[in-house]
Amino acid sequence: MSTSITLTVQAVDNGATALALAGELDLDTAARIEPDLFLATAWAGREIVLDLADITFCDTSGVELLIRLHQRCAAHGCRLSLCRVPRQPGRVFRVLGVDRTIPCSFV
């Protein structure tokens, strides 16, 4: 059974782009959402804020996707930050040190 993931562009203002992910971020969904996520960031300004409030689960595949996104943004002179990170992904991010690499705000 396939899990779902959605990407929404919430706002583009003053060189910043606000995106939101919703659903489960796992091996299956990370592979499916990566092209859309990278496309959405391709035209972004100098800052991307990725809202994760509606992420219900994140495994290491999701973490790897976020690290790749961070590296891609940095290579293009763009800053990535994660906001409203829920409890479960937040624990994973802290254990793996994601919050030391990518600026995060937790709920």
Side-chain angles (χ1 to χ4, degrees):
M1 184 168 148
S2 180
T3 55
S4 69
I5 187 90
T6 59
L7 172 66
T8 313
V9 177
Q10 294 182 320
V12 178
D13 186 34
N14 295 330
T17 302
L19 305 172
L21 283 176
E24 295 185 7
L25 195 50
D26 58 21
L27 179 63
D28 178 50
T29 60
R32 283 190 281 131
I33 202 68
E34 184 169 12
D36 292 337
L37 188 58
F38 281 20
L39 181 62
T41 60
W43 48 264
R46 49 184 192 267
E47 181 176 9
I48 296 171
V49 178
L50 183 57
D51 187 335
L52 300 180
D54 294 322
I55 289 293
T56 56
F57 175 80
C58 182
D59 67 9
T60 56
S61 299
V63 169
E64 289 173 354
L65 170 62
L66 295 173
I67 296 295
R68 284 193 304 274
L69 180 63
H70 169 71
Q71 292 168 338
R72 179 184 172 101
C73 288
H76 290 96
C78 180
R79 180 178 182 265
L80 173 68
S81 62
L82 309 176
C83 73
R84 301 190 328 149
V85 179
R87 186 177 187 178
Q88 186 277 332
R91 282 194 303 253
V92 173
F93 291 1
R94 286 181 181 109
V95 167
L96 297 176
V98 173
D99 59 330
R100 292 186 300 272
T101 303
I102 304 171
C104 297
S105 66
F106 301 94
V107 289

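Everything numeric here is computed off the predicted structure, so don't read it as measured data.
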With a 3.5 Å cut-off and sequence neighbours excluded, list the donor-acceptor pairs that the side chains of residues 16-27 form with protein atoms.
from, atom 1, to, atom 2, distance (Å)
D26, OD1, D28, N, 3.2
D26, OD1, T29, N, 2.9
D26, OD1, T29, OG1, 3.0
D26, OD2, T3, OG1, 3.3

Heavy-atom closest pair, residues F93 and C58: CE1-SG, 3.9 Å
Check: V92 and T60 side chains under 4.5 Å, non-hydrogen atoms: no
Rounded distance [0.5 Å steps], CZ in R72 versus OG1 in T41: 5.0 Å
hydrophobic_cluster_shared for L96 and I102, side chain cutoff 4.5 Å: yes
Side chains of P86 and T56 in contact at under 4.5 Å (non-hydrogen atoms): no
Euclidean distance, L37 CG relative to L7 CG, rounded to 0.5 Å: 5.5 Å
All pairs passing side-chain hydrogen bond (donor to acceptor under 3.5 Å, both in side chains) where residues 77-104 contributes a residue, at least two apart: E47-R79, D51-R84
Nearest heavy atoms of A31 and P35, plus distance in Å: O-CD, 3.5 Å
Transitive ILVMFWY side-chain link I33 to I67, under 4.5 Å: yes
D59 side chain vs G62 backbone, donor-acceptor pair below 3.5 Å: yes
E34: partners by side-chain hydrogen bond (donor to acceptor under 3.5 Å, both in side chains), with sequence neighbours left out: R68
Pairwise side-chain contact, F38 with L65, heavy-atom cut-off 4.5 Å (strictly under): yes
With sequence neighbours excluded, residues passing side-chain contact (heavy atoms from CB on, under 4.5 Å) with C73: I48, L69, C78, L80
